[in-house]
Amino acid sequence: MTTEFDLSRFDQLSGAYDASLVEDPIYAFWEDNGWFRPTEGADSDAEPFTVIMPPPNVTGVLHLGHAVTLTIEDALIRWHRMLGEPTLWLPGLDHAGIATQSVVEQQLAREGLTRHDLGRESFEERVWDWVGLTRPRITAQARRMGASCDWERTAFTLDPTPRAAVRRTFVDLFTDGKIYRGARIINWDPQMLTALSDVEVEYQEEEGKLWHVRYPFVDERGRELDDGVVIATTRPETIPADVAIAVHPDDQRWQPHLGRRVRLPLRGFERLIPLIADSGVDPKFGTGALKITPGHDQLDFEIGERHGLEPIRVVDWDGSLTVEAGLYAGMDRDEARVLVAQHLDEDGYLVQTETHLHNVGHSQRSGVVVEPLVSNQWFVDTDDLAAEAVRVVREGEVRIVPERSTSVYLQWMDNIRPWCISRQLWWGHRIPAWYCRVCDADAIISGEEGQITIDEGAHPIVELEDPTICPTCGGADLVQDPDVLDTWFSSGLWTHSTLGWPNAAGEPANDLARFYPSSVMETGYDILFFWVARMIMLGCYNMGAAPFRTVYLHGLVRDAQGRKMSKSLDNVIDPLEKADQYGMDALRFTLATGSTPGNDMRLTDERLEGSRNFANKLWNGARFVLGELAQSTETQSTGVMGELADASALEDRWILSRTQAVTETVDELWRGFQLGEAGRQIQDFIWGEFFDWYVEASKVRLRSGDGSPLPVLTHVLDCSLRLLHPWMPFVTEAIWQQLRPHLGQAADADALIGARYPQPGDRERDLAAEGAFAAVQEIVTAVRQVRADYRVQAGQWVETYVVPQTSMISDVEASSAIIEVLARARPLKIVAERSQAPHDQIASAVLPLAEIVLPLGGLVDLAQERTRLGKDLDNVLKRLRGAEAKLANAGFRAKAPANVVQQAEALAEELQRQRDDLASRLASLD
RNA sequence: GGGCGGUUAGCUCAGUUGGCUAGAGCGCUGCGUUGACAUCGCAGAGGUCACUGGUUCAAGUCCAGUAUCGCCCACCA
């Protein structure tokens, strides 16, 4: 620790907290002093707390989702760091294959270019240039968020080690037979011109048309008959690719006709197709008959496979129709749909048209309607991987927060299908497969501009090192597979590729051994399938152990109207802009306390304002304490904290016990991952108890000089800053740097970021003090209330009598100075008997532990007094009835725990006394 | 078609082993420029905890069902 924090910078600060003057210097101070490194200030024997950061896409800028992630992870890391555990928060970035390529292609389009104009190599260079711009911007933004991650370990999915991890995993899975290549029906994005995986397709309900089309039977000589089979379809343009009509085998309507042939009812087509039976057909939908188009429908493809029917491709890669479409060839699929329907109608084959609500798949990235089509792609057979990924969750090796997400995860895993991992893109990890131009000459098709496609039946050579000769023929004319991998393939390895896996022979695997598996994986629930599921599958496969112990899923941040943020709605909130406006701590606190795990939250300016106000309140409360410390003559060599043990005033004992109480609560909430509730509890404590009560009470002794509250003020401020630091790191550190010189031995670090977090065992609770001070609070509040009711001038001192219950007398007397000041009650007379207080021209209130009397003279209005007391009495009576009914219940006495019964009895007794006092008070008014 | 979540004050939301009078912020009403803070203080109004039934001594909390809004998954063309 070398860099001292320059306190002089705070000289200019006063009044309102100005985050913009504080945040950057504080961050630099932490980073320069090495606080983000994992071993600093930590006990090396302890188990490390590790978080691998979800890598933001190198595309674009940080959005609110990142802000939530960084806030929560930073809070967790800071908490564990303050617990003295070795902590590692490993940051990184994702090359984000399709997303980044899409952005760069859009840039090119604005220049009137396509990636083909540049060629593969130049295009990749162009993307690297772009990444060179966005990378530093993104990390700078994360720094602004206050992320205390270990920047020295920043990883990128295209770095050498992650590349090696991809290679190794691909080779292992291929060798295991879990990766294979083949012609299957996949989801095709006709704009990006690439295959997609199932999860990259988003279904939207849309109103379409359901056309009922008659396929006529033909006689033996092929002549068309009047009857036929009516099917219902949403895609008449795919009729040229029909290979059969299928019905359910048990469907009685069609039994006699099975095996007969029908003719394609489309102009220019004479093709006959069979009527077949398959149990995949739902006899209740539409007409109960289904046209089978294996080339463009998942279900049809499967039915086709079962019946040995070859798919026909009628929709081309770009969404236009192929030559197979006859006179419709070259038309766009939507255009053709309309025309085909029109022709069917004109030719008398269109039986009926109805509107139809159905789900249409769109590409997650480009938004265009996905075309299912048959294509040669690489797949991961996920069955075994999923089985293990299910096991580790079922058996609790991985815990998902919130727990309910576990069933979502398991359900998805149970229904998992082969994962299409090849993409016809240029940006990403090139598939490490080669083909021999000689042996696979028939399968290698060279297209324009040196592009090639690899047909089915080619023999890929997949090895750890780039192959140079064909193992079959010994030739050296090899060509690499042109495709790249799904970006989530490399993301799925993130948990260990960032820690040095696969470590080369002889290379130490320290990081892996020490930090794998990580402690918490924190991310949005929207990428549970994309990412979390894949990380668990691949982590288990490569490492033989699940990649993390806990998955913490946060919800989506929505706008003030509860809408999802989107560019098209133009309602995207920029986190940095909000931070400029309200301060980063305010943004963080709002995001962290705004929701519970897995639930969405709305971000509004009102909430941000509230958090900003809290930061400001803390700043000013601290300013008060610091100001008093500066004026105090007390020694600073040992710090004022040395005298903490002398704190014997009731309010001291009370706030120390309350500090301990909130410490215990917060500790428990932390352990249950209830960060939001913990933050709220701390805010309530600091504002509602420490500042509103203790600081106000402390002023009495500061002025009288009758024993100093400074040790307690200092200690509780110190604890408050420590407790709050994970949520609001900047303002707490800024204050703590000013407080530290006053802490003496209690200053256990040079920076709050490395100070010790308050612990449940730090101090005994003092329940007697808590109870007694609660009575003082009640008395003060009641006096204020009476004064407000009678519109007594706020600044005016009023003679006030307090008649405490006998048991309370000494505590109330001890706190008389506080009551006097906080309630503006002077002279304050504490008397043992009600009879010692005046009875005429008074306003009064009856509390559980005391009665108060204010002789307000002419201000007192008997009618108003009757109303006030009557209302109180009604309330007491109502509660008393409830309490007595409960006690009269034999079951309650018999079955409720003893302490609950006891409490109920005490309450009833207290209420009876209040009732009697109120009644006699009322009687005396007459 | 399955699965999940929400429904608590005018608004936005807390309330996790069932147990004192259900809380907060914002908004609203009244008072207030007391030397930390008007980004503030004090006091107040405001809720049959969506509905129905059940379990229990006791239900906002557990169970069943209903309504309604939302999300996810799914090969009904």
Side-chain angles (χ1 to χ4, degrees), chain A residues 14-17 203 210 231-235 246 280-282 284-287 289-293 297-303 356 358-359 372 402-405 407-408 411-412 415 525-526 528-529 555-556 560 562 564 582 586 593-596 598-602 604 606-607 609-628 668-669 672 674 676-677 680 683-684 688 691-692 695-696 699 781 784-789 791-795 821-822 824 875-876 878-879 882-883 886 889-897 899-901 903-904 906-907:
Chain A
S14 65
Y17 170 65
Y203 290 90
L210 194 55
I231 57 90
T233 182
T234 54
R235 301 199 61 192
V281 180
D282 178 0
K284 290 186 291 294
F285 185 86
T287 62
L290 174 64
K291 79 187 197 66
I292 300 302
T293 318
D297 184 275
Q298 176 73 40
L299 173 64
D300 293 6
F301 182 80
E302 287 167 19
I303 292 176
H356 176 60
H358 62 150
N359 281 321
E403 206 196 336
R404 65 182 133 87
S405 295
S407 59
V408 179
Q411 196 190 340
W412 187 76
N415 298 312
Y525 66 70
D526 52 331
L528 178 62
F529 306 143
L556 270 43
K564 209 168 164 174
Y582 300 102
T593 59
S595 81
T596 43
N599 285 346
D600 294 349
M601 67 164 297
R602 299 181 193 207
T604 62
E606 288 73 21
R607 291 194 78 127
E609 256 173 56
S611 300
R612 178 203 60 185
N613 293 354
F614 177 43
N616 184 61
K617 183 75 183 179
L618 180 65
W619 179 258
N620 278 292
R623 238 160 45 98
F624 170 76
V625 177
L626 289 165
E628 294 297 334
E668 203 177 312
L669 291 168
Q674 294 179 256
E677 186 60 17
R680 288 185 286 269
Q683 178 180 21
D684 287 351
F691 289 160
D692 284 349
V695 166
E696 292 310 315
K699 290 175 181 174
T781 302
R784 287 169 171 170
Q785 194 176 332
V786 171
R787 294 168 55 106
D789 283 349
R791 303 276 186 275
V792 175
Q793 282 287 317
V821 171
L822 297 189
R824 292 296 257 203
N875 184 31
V876 167
K878 199 175 112 197
R879 292 176 52 207
K886 188 190 268 186
N889 185 332
F892 176 72
R893 285 187 180 281
K895 296 191 179 174
N899 65 320
V900 174
V901 176
Q903 274 171 18
L907 176 66

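Letters go in sequence order (proteins before strands), and every chain restarts at 1.
Counting any heavy atom pair closer than 4.0 Å across all strands shown, A:Lys878 reaches no nucleic acid atom. If you check every strand for non-hydrogen atoms under 4.0 Å, A:Ser611 touches nothing. A:Arg602 comes within contact range of the sugar-phosphate backbone alone, with a heavy-atom separation under 4.0 Å but no base atom that close. Nucleic acid contact class of A:Gly621 (heavy atoms, under 4.0 Å, all strands): base.
In terms of polar N and O atoms assigned as donor or acceptor, the side chain of A:Lys617 never comes within less than 3.5 Å of the base of B:rA38 in a complementary pairing. Side chain A:Gln674 to base B:rU16: a donor-acceptor pair is found below 3.5 Å.
Between the CG atom of A:Asp692 and the P atom of B:rC37 there is a distance of 15 Å, rounded to whole Å. Between the CZ atom of A:Arg404 and the P atom of B:rC4 there is a distance of 11 Å, rounded to whole Å. The separation between A:Met601 atom CE and B:rC71 atom P is 18 Å, rounded to whole Å. To the nearest angstrom, C1' of B:rU34 lies 12 Å from CG of A:Leu822. Across the protein-nucleic acid pair, A:Leu528 atom CG and B:rC71 atom C1' stand 13 Å apart, rounded to whole Å. Remark: C1' of B:rA45 and CG of A:Asp789 are 12 Å apart, rounded to the nearest angstrom. To the nearest angstrom, P of B:rC71 lies 15 Å from CG of A:Asn599. The CG atom of A:Asn616 sits 6 Å away from the C1' atom of B:rC37 (whole-angstrom rounding).
Going from the C1' atom of B:rG6 to that of B:rA14 covers 14 Å, rounded to whole Å. Only the P atoms considered, B:rC4 is 10 Å distant from B:rA64, to the nearest whole Å. Distance noted for atom C1' between B:rG47 and B:rG10: 11 Å (whole Å). If you take atom P in B:rG23 and the same atom in B:rG15, they sit 15 Å apart, rounded to whole Å. With both ends at atom C1', the span from B:rA59 to B:rU16 equals 15 Å, rounded to whole Å. B:rC49 and B:rU33 have their C1' atoms separated by 41 Å, given to the nearest Å. To the nearest whole angstrom, the two C1' atoms, one in B:rA36 and one in B:rC40, are 10 Å apart. The gap from the C1' atom of B:rU68 to that of B:rC62 amounts to 23 Å, rounded to the nearest Å.
Of the residues near RNA chain B, A:Val695 and A:Ala890, the one whose nearest nucleotide (by heavy atom distance) lies more toward the 5' end is A:Val695. With the nearest nucleotide of RNA chain B identified for both A:Gly594 and A:Arg784, A:Gly594 has the one nearer the 5' end.
Scored by the ring pair (Phe, Tyr, Trp, His ring centres under 6.0 Å) test, A:Phe529 finds A:Trp412 as partners (sequence neighbours excluded). Taking A:Arg235 as the reference, A:Glu237, A:Glu371 meet the salt bridge (charged side-chain N to carboxylate O under 4.0 Å, His left out) condition, with sequence neighbours excluded. With sequence neighbours left out, A:His356 forms a side-chain contact (heavy atoms from CB on, under 4.5 Å) with A:Leu210, A:Thr234, A:Phe285, A:His358.
When each of B:rG15, B:rA36, B:rA43 is scored by its nearest atom to the side-chain atoms of A:Gln785, the top-ranked nucleotide is B:rA43. In this structure, the nucleotide among B:rC13, B:rC37, B:rC31 sitting nearest to the side chain of A:Ala794 is B:rC31.
Under the 6.0 Å distance and 45° angle rule, A:Lys617 does not count as a cation-pi partner of A:Tyr17.
In this structure, the side chain of A:Arg791 engages the main chain of A:Ala788 through a donor-acceptor pair within 3.5 Å. Looking only at distances, a side-chain donor or acceptor of A:Thr604 sits under 3.5 Å from a matching main-chain atom of A:Arg607. Listed for the A:Asn599 side chain is no donor-acceptor partner under 3.5 Å among the backbone atoms of A:Gly555. Panel note: side chain A:Asp297, backbone A:Ile292; no donor-acceptor pair is recorded below 3.5 Å. Between the side chain of A:Asn616 and the backbone N or O of A:Arg612, no donor-acceptor pair lies under 3.5 Å.
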Item to complete: Could you provide the dot-bracket string of RNA chain B, using ( ) for intrastrand pairs, [ ] for crossing pairs and | for bases paired to another strand, with Watson-Crick or G-U pairs below 3.5 Å?
Response: ((((((((.[[[[.)...(...]]]].(((((.......))))).....[[[[[..)....]]]]])))))))....
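With rounding to the nearest 0.5 Å, the separation of CD in A:Glu668 from CD in A:Gln674 is 8.5 Å. Residue A:Thr293 holds its OG1 atom at 13.0 Å from CD of A:Gln298, rounded to the nearest 0.5 Å.
The shortest side-chain heavy-atom distance between A:Lys564 and A:Leu556 falls under the 4.5 Å cut-off. When side chains are defined from C-beta on, A:Arg879 counts as touching A:Leu907, because their heavy atoms get closer than 4.5 Å.
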Sort me out a list of protein N/O and nucleotides 72-77 of chain B N/O pairs below 3.5 Å, or just none if empty.
{"from": "B:rA74", "atom 1": "N6", "to": "A:Asn359", "atom 2": "ND2", "distance (Å)": "2.4"}
{"from": "B:rC76", "atom 1": "O2", "to": "A:Asp282", "atom 2": "OD2", "distance (Å)": "2.5"}
{"from": "B:rA77", "atom 1": "OP2", "to": "A:His356", "atom 2": "NE2", "distance (Å)": "3.4"}
{"from": "B:rA77", "atom 1": "O3'", "to": "A:Thr234", "atom 2": "OG1", "distance (Å)": "3.2"}
{"from": "B:rA77", "atom 1": "O2'", "to": "A:Ala232", "atom 2": "O", "distance (Å)": "3.1"}
{"from": "B:rA77", "atom 1": "N6", "to": "A:Asp282", "atom 2": "N", "distance (Å)": "3.4"}
{"from": "B:rA77", "atom 1": "N6", "to": "A:Asp282", "atom 2": "O", "distance (Å)": "2.4"}
{"from": "B:rA77", "atom 1": "N1", "to": "A:Asp282", "atom 2": "N", "distance (Å)": "3.2"}

Can you check nucleotides 17-27 of chain B for protein contacts, nitrogen or oxygen pairs under 3.5 Å, and list what you find?
{"from": "B:rU21", "atom 1": "N3", "to": "A:Arg879", "atom 2": "NH1", "distance (Å)": "3.0"}
{"from": "B:rU21", "atom 1": "O4", "to": "A:Arg879", "atom 2": "NH1", "distance (Å)": "3.0"}
{"from": "B:rU21", "atom 1": "O4", "to": "A:Arg879", "atom 2": "NH2", "distance (Å)": "3.4"}

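Among all heavy-atom pairs drawn from A:Phe691 and A:Leu618, the shortest one is CE1-CA, 3.7 Å.
A:Thr781 has a side-chain polar atom (N or O) that falls below the 4.0 Å cut-off from OP1 or OP2 of B:rA43.
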